[in-house]
Amino acid sequence: MHGLGHLSHPAAAAAMNMPSGLPHPGLVAAAAHHGAAAAAAAAAAGQVAAASAAAAVVGAAGLASICDSDTDPRELEAFAERFKQRRIKLGVTQADVGSALANLKIPGVGSLSQSTICRFESLTLSHNNMIALKPILQAWLEEAEGAQREKMNKPELFNGGEKKRKRTSIAAPEKRSLEAYFAVQPRPSSEKIAAIAEKLDLKKNVVRVWFCNQRQKQKRMKFSATY
DNA sequence: ATGCATGAGTA
DNA sequence: ACTCATGCATA
């Protein structure tokens, strides 16, 4: 219901889909989308992209490593932990941080959900996503600690007769089967998906999305070796 | 904290 | 039809 402008940026757009499989990309790719939150990621991605571009210029052809501390997994991990620690010290919840980001008047930066803050702290986001969010959360942390006496508010009360989204739950047996299929073929064809769906008596779309989410999981910082 | 889902951007 | 960032709903 609330509208924060959308942004379009060639830099981020040009590096959207990563060439999975080849020598790991030290590039920054991030996408913008979703309402207000979209703008946030967009801005962050833009900044990082610019920085990477500058550093990339050095490596002519053969080299492709970015020794930037901001992209170093260890640095991110350390920051995430420090962040959580200090956040708790401030007596602020993950949800609070998320909404407070909007009050931080960074151009194009809106609010984020409790889910995203949680995932940032637990490193269960993609490496690129972590890099994009770090500067934003760091800015919030500094401001929050600086004005530790201020008050925070988030009077967002709006309601109507909106239909609640239902979360379909896949039973354990079916889930095990899916995992088995995934181990053999992480990217089944549409036909294969249809077959699996029928066999497990699940909607084809549910199966398709399950595979998509499973692939994303593998790319999360915490479990991916492809930093 | 995490499962299933959406939507923009890309190919 | 996929990837990727992100979120609602829920355990």
Side-chain angles (χ1 to χ4, degrees), chain A residues 1-2 4-22 25 27-46 48-49 80 84 88 93-95 97-99 101-102 108-134 136-137 156 158-159 162-172 174-176 178-179 182 185-194 197 200 202-224 226:
Chain A
M1 305 292 200
H2 30 313
L4 289 183
H6 259 188
L7 317 196
S8 283
H9 29 23
M16 291 242 66
N17 289 1
M18 293 160 64
S20 53
L22 297 176
L27 300 175
V28 177
H33 80 307
H34 261 30
V48 179
K84 181 172 186 177
I88 293 175
T93 68
Q94 297 171 329
V97 175
S99 49
L101 293 179
V109 176
S111 60
L112 285 176
S113 66
Q114 171 266 325
S115 302
T116 300
I117 303 303
C118 172
R119 285 168 173 152
F120 179 86
E121 293 183 345
S122 61
L123 306 174
T124 46
L125 286 176
S126 69
H127 184 207
N128 287 335
N129 202 171
M130 290 292 291
I131 291 175
L133 261 32
K134 185 190 173 191
I136 295 173
L137 295 180
E156 279 194 289
F158 32 60
N159 260 313
E162 309 287 326
K163 33 211 159 182
K164 306 291 183 179
R165 181 210 286 179
K166 253 335 183 185
R167 182 173 141 185
T168 58
S169 184
I170 300 175
E174 287 65 40
K175 209 169 286 184
R176 274 183 255 112
L178 288 171
E179 283 163 358
F182 188 84
Q185 178 55 230
R187 312 190 49 167
S189 65
S190 186
E191 289 69 42
K192 215 64 179 175
I193 290 178
L200 301 181
L202 292 171
K203 290 183 188 176
K204 181 181 177 181
N205 198 55
V206 169
V207 175
R208 185 181 60 71
V209 171
W210 186 87
F211 273 91
C212 284
N213 284 321
Q214 206 59 29
R215 278 178 233 123
Q216 266 200 296
K217 267 190 181 179
Q218 290 196 314
K219 295 181 177 178
R220 284 175 182 173
M221 245 195 106
K222 242 189 159 182
F223 311 108
S224 176
T226 320

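Because the structure is a prediction, the values reported are computed rather than measured. These values consider heavy atoms only, across backbone and side chains, with no hydrogens, waters or symmetry-generated copies.
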Checklist entry - Would one find a side-chain N or O of A:Thr116 under 4.0 angstrom from OP1 or OP2 of C:dA5? => result no

Item to check | CA sep, side-chain torsions, deciding dist, call: A:Ser190, A:Lys204, side-chain hydrogen bond (donor to acceptor under 3.5 Å, both in side chains) | outcome: CA-CA 9 Å; A:Ser190 186; A:Lys204 181 181 177 181; 2.6 Å; yes

Item to check | side-chain N/O A:Lys166 vs C:dC8 OP1/OP2, d < 4.0 Å | outcome: no

Item to check | Atom-to-atom span, CG of A:Leu123 to C1' of B:dA1 - whole angstrom | outcome: 14 Å

Checklist entry - Side-chain N or O of A:Lys164 less than 4.0 angstrom from OP1 or OP2 on C:dC8? => result no

Checklist entry - Would you say B:dC4 has OP1 or OP2 under 4.0 Å from some side-chain N or O of A:Lys203? => result no

Checklist entry - OP1 or OP2 of B:dG3 less than 4.0 angstrom from a side-chain nitrogen or oxygen of A:Ser169, does that happen here? => result no

Checklist entry - Can you check whether A:Arg187 has a side-chain N or O nearer than 4.0 Å to OP1 or OP2 of C:dT3? => result yes

Next on the checklist: Check the phosphate of B:dC4 against A:Arg165, side-chain N and O only, distance under 4.0 Å to OP1 or OP2. Yes or no?
Outcome noted: no

Checklist entry - Going by modelled atom types, is there a donor-acceptor pair between the base of C:dG7 and the side chain of A:Arg119 at under 3.5 Å? => result yes

Next on the checklist: Ignoring hydrogens and geometry beyond distance, is the side chain of A:Ser115 in donor-acceptor contact with the base of C:dC8 at under 3.5 Å?
Outcome noted: yes

Item to check | Stepwise side-chain contact (heavy atoms from CB on, under 4.5 Å) test for A:Val207 and A:Leu200 | outcome: CA-CA 9 Å; A:Val207 175; A:Leu200 301 181; 5.6 Å; no

Next on the checklist: Rounding to an integer number of Å, can you tell me how far A:Asn128 CG sits from C:dC4 C1'?
Outcome noted: 9 Å

Item to check | Whole-Å distance separating the NE2 atom of A:His127 from the C1' atom of C:dT3 | outcome: 18 Å

Checklist entry - Does A:Asn205 put a side-chain nitrogen or oxygen below 4.0 Å from OP1 or OP2 of B:dA5? => result no

Item to check | A:Leu137 side chain near A:Ile117 side chain, heavy-atom distance below 4.5 Å | outcome: yes

Next on the checklist: How many whole angstroms separate atom CG of A:Asn213 from atom P of C:dA5?
Outcome noted: 13 Å

Checklist entry - Relative to the ring of A:Phe182, is the ring of A:Trp210 parallel (under 30°), tilted (30 to 60°) or perpendicular (over 60°)? => result perpendicular

Next on the checklist: Under 4.0 Å, counting only non-hydrogen atoms across every strand here, what does A:Ser190 touch: a base, just sugar-phosphate, or nothing?
Outcome noted: sugar-phosphate

Checklist entry - If we only count heavy atoms from C-beta on, is the A:Leu178 to A:Phe211 side-chain gap below 4.5 Å? => result yes

Item to check | Options B:dC4, C:dA5, C:dG7, nucleotide nearest the side-chain atoms of A:Ser113 | outcome: C:dG7

Checklist outcome for this item: Quick note, A:Gln216 side chain, CB onward, closest among C:dA5, C:dA9, B:dG3 is C:dA5

Next on the checklist: What is the distance, to the nearest angstrom, from the CZ atom on A:Arg208 to the P atom on C:dT3?
Outcome noted: 10 Å

Next on the checklist: Without decimals, in angstroms, what is the distance between A:Arg220 CZ and B:dC4 C1'?
Outcome noted: 11 Å

Item to check | Gap between atoms CZ and C1', on A:Arg167 and C:dA11 respectively (whole Å) | outcome: 7 Å

Checklist entry - Of the nucleotides C:dT6, C:dT3, B:dA5, which one has an atom closest to the side chain of A:Arg215? => result C:dT3

Item to check | Pairs flagged by salt bridge (charged side-chain N to carboxylate O under 4.0 Å, His left out) wherever residues 116-134 of chain A is involved - sequence neighbours left out | outcome: A:Asp70-A:Lys134, A:Glu75-A:Lys134, A:Arg87-A:Glu121

Checklist outcome for this item: note: A:Ile136, atom CD1; C:dA5, atom C1'; distance rounded to Å ~ 12 Å

